[in-house]
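Here the structure is a predicted model, which means the values were calculated and not measured.
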Amino acid sequence: MITKTVHLAVYNDLADWETGHAVAHIRNGEFQEGPDRYEVVTVGATADPVTTMGGLRVAPDLALADLDPADSALLILPGSSCWYTDPDALAPFTRAARAFLAAGAPVAAICGATVGLAREGLLDDRAHTSGSAEDLAATGYRGTAHYRDELAVTDGGLITAGPTAPVEFAREVFAVLGLYRPEVLAAWYKLFSAHDPSAFGALMAAEGGAA
């Protein structure tokens, strides 16, 4: 079994709910198949603890200066009010995203993190979404023609999503990682988006098959 690492950026006022589905299901290994398993490692600007929007105190596992795209399967950038109130403080994370994409490593950004990517120029040539087109346009970025009014979009190794789409964000993350077979991913999404209990049976069957 090969263990790969997904890196989750953490910073003050991180929006707890936006990445919850993604990181929990990446880490728990349920319904997954194939030789790869994943761990989630948190990355801060420094090793100093941060406080999320929900009041959780998180001590980063890794400082951003020590993050190498070659050691990562994916970089996840959550939303935070700081993307609007103190964008310079989070600019190192968008520069890290640029390095990841240049190295062929995927990046997933949700809510305000998409605004940071727009400022960095990473949405100029990729299909993308966000909380609203107006949010991104306010940055002066040049990618307005590539904006899609969708819950989540994947293009060129970059996943983007709006703040009300944590489930769709997770679905795109799982697809990029190849976490589940297509029919299992469809059942997972049906369960968590439509609250359809029939999908749980399909997931249990998949779990039985994986075992």
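- Atom CD1 of Ile159 and atom CG of Leu75 lie 11.0 Å apart (nearest 0.5 Å).
- With no hydrogens or angles considered, a side-chain donor-acceptor pair links Glu172 and Thr154 at under 3.5 Å.
- A 4.5 Å side-chain heavy-atom check between Glu18 and Phe169 finds every atom pair outside the cut-off.
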(request) Evaluate side-chain contact (heavy atoms from CB on, under 4.5 Å) for His128 paired with Tyr147, printing each intermediate quantity in order. (result) CA-CA 5 Å; His128 60 273; Tyr147 184 84; 3.9 Å; yes
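- Counting all heavy atoms, side chain and backbone alike, Val173 lies closest to Ala108 at CG2-CB, 3.9 Å.
- Here the side chain of Ser72 pairs no donor or acceptor atom with the backbone of Pro69 at under 3.5 angstrom.
- Distance alone, capped at 3.5 Å, is enough to place a donor-acceptor pair between the Asp61 side chain and the Thr42 backbone.
- Rounded to the nearest 0.5 angstrom, His146 NE2 and Leu123 CG are separated by 10.0 Å.
- Summarising the geometry, atom OG1 belonging to Thr164 is positioned 8.0 Å from atom CD1 belonging to Ile110; distances are rounded to the nearest 0.5 Å.
- Linking Ile, Leu, Val, Met, Phe, Trp and Tyr residues whenever their side-chain heavy atoms come within less than 4.5 Å places Val41 and Leu77 in a single cluster.
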(request) Please test Arg126 against Leu101 for side-chain contact (heavy atoms from CB on, under 4.5 Å), starting from the C-alpha separation and ending with a verdict. (result) CA-CA 12 Å; Arg126 292 177 174 87; Leu101 293 170; 3.8 Å; yes
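- Among all heavy-atom pairs drawn from Gly79 and Cys111, the shortest one is CA-CB, 4.1 Å.
- Among all heavy-atom pairs drawn from Pro78 and Thr19, the shortest one is CB-CG2, 3.9 Å.
- Minimum heavy-atom separation, Asp48 to Pro60: O-CD, 3.3 Å.
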(request) Take Glu120 and Tyr141 through the test side-chain hydrogen bond (donor to acceptor under 3.5 Å, both in side chains) and record every step on the way to the result. (result) CA-CA 8 Å; Glu120 186 69 21; Tyr141 86 128; over 6 Å; no
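- Defined by atom type and a distance below 3.5 Å, a donor-acceptor pair is missing between the side-chain atoms of Ser130 and Asp135.
- The environment of CG in Asp149 is sparse: at most 12 heavy-atom neighbours from other residues, nucleotides or ligands sit within 6.0 Å.
- The backbone N or O of Asn12 lies less than 3.5 Å from a partner atom in the side chain of Ser80, making a donor-acceptor pair.
- The heavy-atom pair separating Pro87 from Arg119 by the smallest distance is CB-NH1, 3.5 Å.
- Counting only N and O atoms by type, the side chains of Ser81 and Asp13 include a donor and acceptor under 3.5 Å apart.
- Checked against the 6.0 Å centroid criterion, the rings of Phe31 and Trp188 do not qualify as a close aromatic pair.
- Hydrophobic clustering (side-chain heavy atoms under 4.5 Å, transitive across Ile, Leu, Val, Met, Phe, Trp, Tyr) groups Trp83 together with Leu64.
- Rounded to the nearest 0.5 Å, atoms CG (Leu117) and CG (Leu136) are 9.5 Å apart.
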(request) Evaluate side-chain contact (heavy atoms from CB on, under 4.5 Å) for Val58 paired with Thr52, printing each intermediate quantity in order. (result) CA-CA 8 Å; Val58 178; Thr52 72; 3.9 Å; yes
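- The pair Arg148-Glu150 does not count as a salt bridge, with every side-chain nitrogen at least 4.0 angstrom from each carboxylate oxygen.
- Within a 6.0 Å radius of CZ in Phe200, other residues, nucleotides and ligands contribute 12 heavy atoms or fewer.
- Not a single donor-acceptor pair under 3.5 Å links the side chain of Arg171 to the backbone N or O of Tyr189.
- No continuous path of hydrophobic side-chain contacts links Val6 to Trp17 [ILVMFWY only; heavy atoms under 4.5 Å].
- With hydrogens and angles left out, the side-chain atoms of Gln32 and Tyr38 include no donor and acceptor closer than 3.5 Å.
- Val176 is connected to Leu179 through a chain of hydrophobic side-chain contacts under 4.5 Å among Ile, Leu, Val, Met, Phe, Trp and Tyr, so both are in one cluster.
- Considering CG of Asp68 and NE2 of His7, their distance stands at 9.0 Å, rounded to 0.5 Å.
- Between the side chain of Asp16 and the backbone N or O of Gly54, at least one donor-acceptor pair lies under 3.5 Å.
- Using a 4.5 Å cut-off between side-chain heavy atoms of Ile, Leu, Val, Met, Phe, Trp and Tyr, with links allowed through other members, Ile76 and Leu177 fall into the same hydrophobic cluster.
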(message) Apply side-chain contact (heavy atoms from CB on, under 4.5 Å) to residues Leu62 and Leu67 and explain how you reach the verdict.
(response) CA-CA 7 Å; Leu62 187 71; Leu67 178 63; 4.1 Å; yes
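- Other residues, nucleotides and ligands contribute at most 12 non-hydrogen atoms within 6.0 Å of the CZ atom of Arg142.
- Considering all non-hydrogen atoms of both residues, Val40 and Leu8 come closest at CG1-CB, 4.1 Å.
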